[in-house]
Number of protein chains: 2
Amino acid sequence: MNKIPIIIVDDHVLFSQALNGLINKFKSYKVVAQLNNGQEVIDYFNADKETASIILMDVNMPILNGIKATEWLKENRPEIKVLALTMNDDEPIILNMLRAGACGYLLKDIHPNTLLEALNQIMRLGVYYTDDVAQTLVKATSQKPIELKDRELHFLTLACTDLTYKQIAEKMFLSYKTIDGYREVVFDKFNVSSRIGMVLYALKEKIVEL
Amino acid sequence: MNKIPIIIVDDHVLFSQALNGLINKFKSYKVVAQLNNGQEVIDYFNADKETASIILMDVNMPILNGIKATEWLKENRPEIKVLALTMNDDEPIILNMLRAGACGYLLKDIHPNTLLEALNQIMRLGVYYTDDVAQTLVKATSQKPIELKDRELHFLTLACTDLTYKQIAEKMFLSYKTIDGYREVVFDKFNVSSRIGMVLYALKEKIVEL
DNA sequence: TATTTGCAGGGGGTATTTCCCCTTTTTTTA
DNA sequence: TAAAAAAAGGGGAAATACCCCCTGCAAATA
């Protein structure tokens with residue numbers, strides 16, 4: 001019986017090794033590679049090395065994060081199932097990961113048995129959702145996703161700073177009035193009515209990092 | 001040769017098991033208990049079970065976090081060395097953990113060898129500081145810690161909200177002018193000159209949670 | 001080709017924030 | 001117990017933020 005190949009992508013060596021040991025104890029699975037960040041995933045597949053059926057993907061990684069790496073995989077290796085693994089159960093992060101193409105989402109505080117279950121279910125059904133994630137999905141799909149244009153995002157990033165709008169205008173080489181326009185648009189999209197509200201929303205939804 | 005006893009406190013079963021396996025491979029150390037949160041630490045010692053020389057303590061845990069558990073240990077079992085373990089290298093968290101009495105601070109993305117080194121150094125010198133942590137300490141001690149009074153903290157918490165100052169005044173049953181006074185004081189303490197700056201500072205320093 | 005859509009910018013007004021100056025009362029502390 | 005500091009409140013003004021309605025232009029699209 002040939003084992004199902006798995007790749008682990010995580011920058012935490014200790015955790016990564018633990019996973020490795022655990023999975024290799026499972027009868028039907030084996031780890032074929034252990035990578036440290038998203039960039040290594042791209043390099044790995046560009047070098048045409050042994051592929052895998054499932055990739056266990058951390059979300060927070062240096063150089064290239066799990067979301068970008070998953071997007072790349074959807075483009076270039078759509079047959080590979082990506083199972084997201086993360087410490088925090090932040091709604092926006094779960095959503096971003098699922099939007100990027102992950103077929104499931106596991107918190108790192110799971111029990112070993114749960115991992116095996118998840119792997120089996122992915123091989124059987126193609127997806128694995130815990131109740132938590134399912135709930136998040138329902139909540140999120142009921143409300144339309146907020147899309148920001150490049151300029152708006154740039155403005156928002158600068159607005160999450162102690163610069164005044166006038167100074168932001170100068171930084172972006174735009175008139176104050178144009179910035180005022182962006183402000184209005186973002187206010188509308190976020191459904192807020194103050195700069196503080198806008199900034200807090202952006203931080204909560206992880207649109208801008210602190 | 002009798003091995004040095006270690007207790008692991010972490011709510012992440014997978015990680016905890018990995019640590020356990022790793023440490024038991026070290027010649028001079030053995031894991032005597034594996035606990036899931038701070039409350040279990042207190043219960044464990046209250047039940048008078050086998051003690052340890054070193055406790056590897058996660059910071060973020062449910063029920064009772066690593067900071068509170070470390071404070072309890074300093075009070076009740078001051079002879080035990082606590083080595084903090086965490087995912088994030090947030091300065092304020094490192095500081096809080098060291099203030100609580102941890103004798104060292106390790107990021108979870110360390111290499112196994114680093115862990116052994118840390119354990120050895122703690123047994124030899126009583127402390128283990130990486131360069132990162134040492135730098136943080138220097139930075140933190142060189143700048144006076146910012147102390148907020150109860151009312152100021154309450155004001156600040158409400159300021160990290162889309163309420164206007166006038167609405168904050170109403171919520172706190174104070175005049176707008178009094179709030180304006182708090183604003184000025186907090187601005188001074190944080191060395192900022194706008195509400196946005198104040199809020200961002202409070203979030204960065206984890207004075208207020210998002 | 002006519003129309004919509006997106007982007008940059010403007011006029012003008014109100015509300016809020018920021019920053020000075022100040023008084024009174026209570027609480028701390030020397 | 002007298003002096004100092006902290007807490008609460010205020011006047012007034014300038015800067016900034018917020019809001020609505022409007023123009024011109026270019027690219028996309030119908």
Side-chain angles (χ1 to χ4, degrees), chain A residues 71 75 96 99 143-210, chain B residues 143-210:
Chain A
E71 280 167 358
E75 275 291 310
N96 284 333
R99 283 204 193 101
Q143 65 206 12
K144 69 217 163 290
I146 289 169
E147 299 278 346
L148 290 184
K149 304 202 190 310
D150 280 2
R151 294 298 184 101
E152 289 164 5
L153 181 60
H154 188 193
F155 155 74
L156 178 60
T157 308
L158 293 173
C160 294
T161 279
D162 60 1
L163 296 172
T164 66
Y165 289 142
K166 203 196 287 186
Q167 292 169 320
I168 292 174
E170 283 164 17
K171 275 222 168 189
M172 290 180 72
F173 303 110
L174 290 171
S175 130
Y176 166 79
K177 277 296 176 179
T178 307
I179 293 300
D180 198 41
Y182 288 146
R183 181 195 55 70
E184 192 111 46
V185 171
V186 177
F187 272 27
D188 266 14
K189 290 189 178 178
F190 288 3
N191 191 31
V192 296
S193 54
S194 74
R195 183 168 169 183
I196 294 284
M198 176 176 68
V199 170
L200 293 175
Y201 186 95
L203 293 174
K204 272 185 198 140
E205 298 298 318
K206 310 257 184 238
I207 298 167
V208 173
E209 286 299 312
L210 197 54
Chain B
Q143 66 204 13
K144 69 220 162 291
I146 290 170
E147 300 278 345
L148 289 184
K149 304 200 191 310
D150 279 2
R151 294 297 185 103
E152 289 164 4
L153 182 59
H154 189 194
F155 155 74
L156 178 60
T157 308
L158 293 173
C160 294
T161 278
D162 60 3
L163 297 171
T164 66
Y165 289 141
K166 203 196 287 183
Q167 291 170 321
I168 293 174
E170 282 163 19
K171 276 223 167 188
M172 291 180 71
F173 303 109
L174 290 172
S175 130
Y176 165 78
K177 277 298 176 177
T178 307
I179 293 300
D180 197 42
Y182 289 145
R183 182 196 53 72
E184 193 113 45
V185 171
V186 177
F187 272 27
D188 266 14
K189 290 189 177 176
F190 288 2
N191 191 31
V192 296
S193 54
S194 74
R195 182 168 170 184
I196 291 285
M198 176 177 67
V199 170
L200 293 174
Y201 186 94
L203 294 173
K204 272 184 198 140
E205 298 297 319
K206 309 250 185 252
I207 299 168
V208 173
E209 285 298 311
L210 194 55

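Given the structure is predicted, the values throughout are model-derived calculations rather than measurements. Every chain is numbered from 1, with letters handed out A, B, ... down the list of sequences.
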Check the distance between [N]'s [atom2] and [X]'s [atom1] and give it to me in whole angstrom.
| X | N | atom1 | atom2 | result |
| --- | --- | --- | --- | --- |
| F155(A) | dC7(C) | CZ | C1' | 15 Å |
| Q167(A) | dA15(D) | CD | P | 14 Å |
| I179(A) | dA15(D) | CD1 | C1' | 18 Å |
| D162(B) | dT16(C) | CG | P | 13 Å |
| L163(B) | dT17(C) | CG | P | 10 Å |
| D188(A) | dC19(D) | CG | P | 9 Å |
| I196(B) | dT16(C) | CD1 | P | 16 Å |
| E184(B) | dC20(C) | CD | P | 7 Å |

OP1 or OP2 of [N] under 4.0 Å from side-chain N/O of [X]:
| X | N | result |
| --- | --- | --- |
| S194(B) | dT17(C) | no |
| Y176(A) | dG10(C) | no |
| R151(A) | dA8(C) | yes |
| T164(A) | dA15(D) | no |
| T178(B) | dG9(D) | yes |
| Y165(B) | dA15(C) | no |

Query raised in the report: Taking the side chain of R183(A) as its heavy atoms from C-beta onward, which of dC18(D), dA8(C), dG10(D) lies nearest to it?
Result: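 That would be dC18(D).
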
Query raised in the report: From dC18(D), dC19(C), dA8(C), pick the nucleotide closest to the side chain of S193(B)?
Result: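 Selected nucleotide (nearest to the side chain): dC19(C).
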
Report task. For the pair E147(B) and K189(B), find out whether any cationic side-chain nitrogen is under 4.0 Å from an anionic carboxylate oxygen. Result -> no

Requested in this report: With DNA chain D as reference, determine whether K166(A) or D180(A) sits nearer its 5' end, using the nearest nucleotide of each.
Outcome: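 With K166(A) and D180(A) compared, the 5'-side residue is K166(A).
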
Query raised in the report: If you find the nucleotide of DNA chain D closest to F187(A) and the one closest to L174(B), which residue's nucleotide is nearer the 5' end?
Result: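 Final value for this comparison: L174(B).
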
Report task. Could you tell me whether the side chain of K177(A) has a donor or acceptor atom within less than 3.5 Å of a complementary atom in the base of dG11(C)? Result ->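 It does, because a donor-acceptor pair links the side chain of K177(A) to the base of dG11(C) below 3.5 Å.
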
Requested in this report: Report yes or no: does E184(B) contribute a side-chain atom to a donor-acceptor pair with the main-chain N or O of G181(B) at less than 3.5 Å?
Outcome: no

Query raised in the report: Is it true that a side-chain atom of R195(B) and a backbone atom of A159(B) form a donor plus acceptor pair closer than 3.5 Å?
Result: yes

Query raised in the report: Which pair of non-hydrogen atoms, one from L156(B) and one from A202(B), has the smallest distance, and what is that distance?
Result: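 Closest pair (atom of L156(B), atom of A202(B), distance): CD2-CB, 3.8 Å.
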
Query raised in the report: Do we get R151(A) above F155(A)'s six-membered ring, with its NZ or CZ under 6.0 Å from the centre and within 45° of the axis?
Result: no

